[in-house]
Amino acid sequence: MAAEAQSAEVPSTDELTDDPFSPEIVSSETVFTGRVWDVRHETFRYNGDVIGRDFVDHTGAVAVLALDDEDRVLLIKQYRHPVRYRDWEIPAGLLDVRGERPLDAAKRELAEEADVEADEWNVLSEFYTSPGGSDEAIRIYLARGLRPTATAFDRFDEEADIEVRWVPLDDAVDAVLDRRIQNPSLTIGVLAAQLGRQSGWAKLGAADLPWPRHPKLGA
């Protein structure tokens with residue numbers, strides 16, 4: 001037992017990366033159909049057992065970390081009913097237009113939510129919002145070379161009173177670390193942008209980078 005415990009403490013030399021896995025799906029059905037997303041129940045074989053799980057069947061989404069020439073990030077504030085907060089976010093939206101490329105969706109959301117366009121686009125980060133209960137995948141783009149759109153967009157519902165603010169990137173990072181702002185796309189985006197800036201943006205991806213980890217687009 002002591003030898004086994006000692007062996008378990010030896011650090012791996014493998015690259016730190018998530019591993020894809022495709023279990024045998026025994027059954028799959030939509031158990032709830034919603035206005036924006038559904039709930040799916042699936043059973044699958046894993047380690048010799050048949051396991052059942054419910055999860056949100058999601059379209060996925062994109063978000064935009066727009067950074068101007070003064071290293072200010074574009075933030076928007078809007079009401080989010082499930083948490084009863086008007087929270088600070090970065091422009092984002094669902095991949096709910098059939099056939100629309102993620103990059104085109106990101107450009108559309110930046111224009112629709114903030115009346116801003118960009119000349120330079122890169123992939124900054126990607127994440128799963130809640131991999132234990134949803135298949136939602138989000139890609140965050142870095143947008144630079146910013147300019148106002150030719151015309152302003154009409155906004156409705158929770159977007160009708162969106163507040164736009166340009167915030168120094170370092171101030172946004174401080175607000176995240178102080179837990180004053182907690183939106184996940186904003187949090188991951190500003191932290192990734194700060195680290196990316198420090199490294200001279202060496203880890204950025206091409207704007208049209210394939211997205212194999214998206215559960216639907218990557219298939």
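Because only heavy atoms are used, hydrogens play no part in the values below, and waters and symmetry mates are left out as well, while side chains stay in. No experiment lies behind these values; they were computed from the predicted model shown.
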Main-chain N/O of [Y] paired with [X] side-chain donor or acceptor, under 3.5 Å:
{"X": "Arg197", "Y": "Gln194", "value": "no"}
{"X": "Asn122", "Y": "Leu124", "value": "no"}
{"X": "Thr43", "Y": "Ser27", "value": "yes"}
{"X": "Asp171", "Y": "Val167", "value": "no"}
{"X": "Asp49", "Y": "Ile51", "value": "no"}
{"X": "Tyr128", "Y": "Arg213", "value": "yes"}

Hydrophobic cluster membership, with links at side-chain heavy-atom distances under 4.5 Å among I/L/V/M/F/W/Y: are [X] and [Y] in one?
{"X": "Trp88", "Y": "Leu191", "result": "yes"}
{"X": "Leu177", "Y": "Leu169", "result": "yes"}
{"X": "Val56", "Y": "Val31", "result": "no"}
{"X": "Leu95", "Y": "Leu103", "result": "yes"}
{"X": "Val62", "Y": "Phe127", "result": "no"}

- Message: Ile90 and side-chain contact (heavy atoms from CB on, under 4.5 Å): which single residue from Ile140, Leu110, Ile188 fits?
- Response: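 Only match with Ile90 under side-chain contact (heavy atoms from CB on, under 4.5 Å): Ile140.
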
- Query: With Trp166, which of Leu67, Leu146, Leu75, Val73 fulfils side-chain contact (heavy atoms from CB on, under 4.5 Å)?
  - Reply: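 Only one of Leu67, Leu146, Leu75, Val73 forms a side-chain contact (heavy atoms from CB on, under 4.5 Å) with Trp166, namely Leu146.
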
Using 4.0 Å as the upper bound for N to carboxylate O, is an ion pair formed by [Y] and [X]?
{"X": "Lys107", "Y": "Glu109", "answer": "no"}
{"X": "Glu126", "Y": "Arg139", "answer": "yes"}
{"X": "Asp174", "Y": "Arg180", "answer": "no"}

Measuring from atom [atom1] of [X] to atom [atom2] of [Y], what distance do you get when rounded to the nearest 0.5 angstrom?
{"X": "Thr33", "Y": "Asp57", "atom1": "OG1", "atom2": "CG", "answer": "9.5 Å"}
{"X": "Asp68", "Y": "Leu74", "atom1": "CG", "atom2": "CG", "answer": "8.5 Å"}
{"X": "Phe55", "Y": "Trp37", "atom1": "CZ", "atom2": "CH2", "answer": "15.0 Å"}
{"X": "Ser125", "Y": "Leu142", "atom1": "OG", "atom2": "CG", "answer": "11.5 Å"}
{"X": "Glu89", "Y": "Thr187", "atom1": "CD", "atom2": "OG1", "answer": "10.5 Å"}
{"X": "Arg86", "Y": "Lys77", "atom1": "CZ", "atom2": "NZ", "answer": "6.0 Å"}

- Walk me through it: do Asn183 and Ile181 pass the test side-chain contact (heavy atoms from CB on, under 4.5 Å)? CA-CA 6 Å; Asn183 177 271; Ile181 54 178; over 6 Å; no

- May I ask you to check whether Tyr79 and Tyr85 place their ring centres under 6.0 Å from each other?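 Ring-ring flag for Tyr85/Tyr79: false, centres at least 6.0 Å apart.
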
Taking all non-hydrogen atoms of both residues into account, name the closest pair between [X] and [Y] and its distance.
{"X": "Arg147", "Y": "Ala118", "value": "NH1-C, 4.1 Å"}
{"X": "Pro91", "Y": "Ile76", "value": "CA-CD1, 4.0 Å"}
{"X": "Leu94", "Y": "Arg108", "value": "O-NH2, 3.7 Å"}
{"X": "Tyr141", "Y": "Ala207", "value": "CE2-O, 3.5 Å"}
{"X": "Pro102", "Y": "Leu217", "value": "CG-CD1, 3.7 Å"}
{"X": "Ser134", "Y": "His58", "value": "OG-CB, 4.2 Å"}

- Compute both the distance and the angle, then confirm whether Arg144 meets the cation-pi test with Trp121: under 6.0 Å from the six-membered ring centre, within 45 degrees of the axis.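 The answer is no; the distance or angle limit is not met.
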
- Message: Going by salt bridge (Lys or Arg N to Asp or Glu O under 4.0 Å), name the residues that satisfy it together with Asp135, two or more places apart in sequence or in a different chain.
- Response: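 Asp135: salt bridge (Lys or Arg N to Asp or Glu O under 4.0 Å) contacts with Lys216.
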
- Going through the checks in order, is the side-chain contact (heavy atoms from CB on, under 4.5 Å) test met by Asp54 and Arg40? CA-CA 6 Å; Asp54 297 324; Arg40 179 167 292 277; over 6 Å; no

- Message: Working note: Val176 + Leu186, criterion side-chain contact (heavy atoms from CB on, under 4.5 Å); need CA distance, chi angles, decisive distance, verdict.
- Response: CA-CA 9 Å; Val176 168; Leu186 185 157; 3.8 Å; yes

- Message: With a 4.5 Å cut-off on side-chain heavy atoms, are Thr129 and Ile138 touching?
- Response: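 Yes, side chains in contact.
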
- More than 12 heavy atoms of other groups within 6.0 Å of Asp69 CG: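 No, not enclosed.
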
- Should the heavy atoms of other residues, nucleotides or ligands under 6.0 Å from CZ of Arg179 be counted, would the total exceed 12?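 No - once you tally the heavy atoms of other residues, nucleotides and ligands closer than 6.0 Å, there are 12 at most.
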
- Item | Worked check of side-chain contact (heavy atoms from CB on, under 4.5 Å) between Val26 and Phe44 | CA-CA 5 Å; Val26 178; Phe44 57 95; 5.5 Å; no

- side chain to side chain donor-acceptor pair (under 3.5 Å) between Glu117 and Thr149, intermediate numbers included: CA-CA 6 Å; Glu117 298 175 336; Thr149 57; 5.7 Å; no

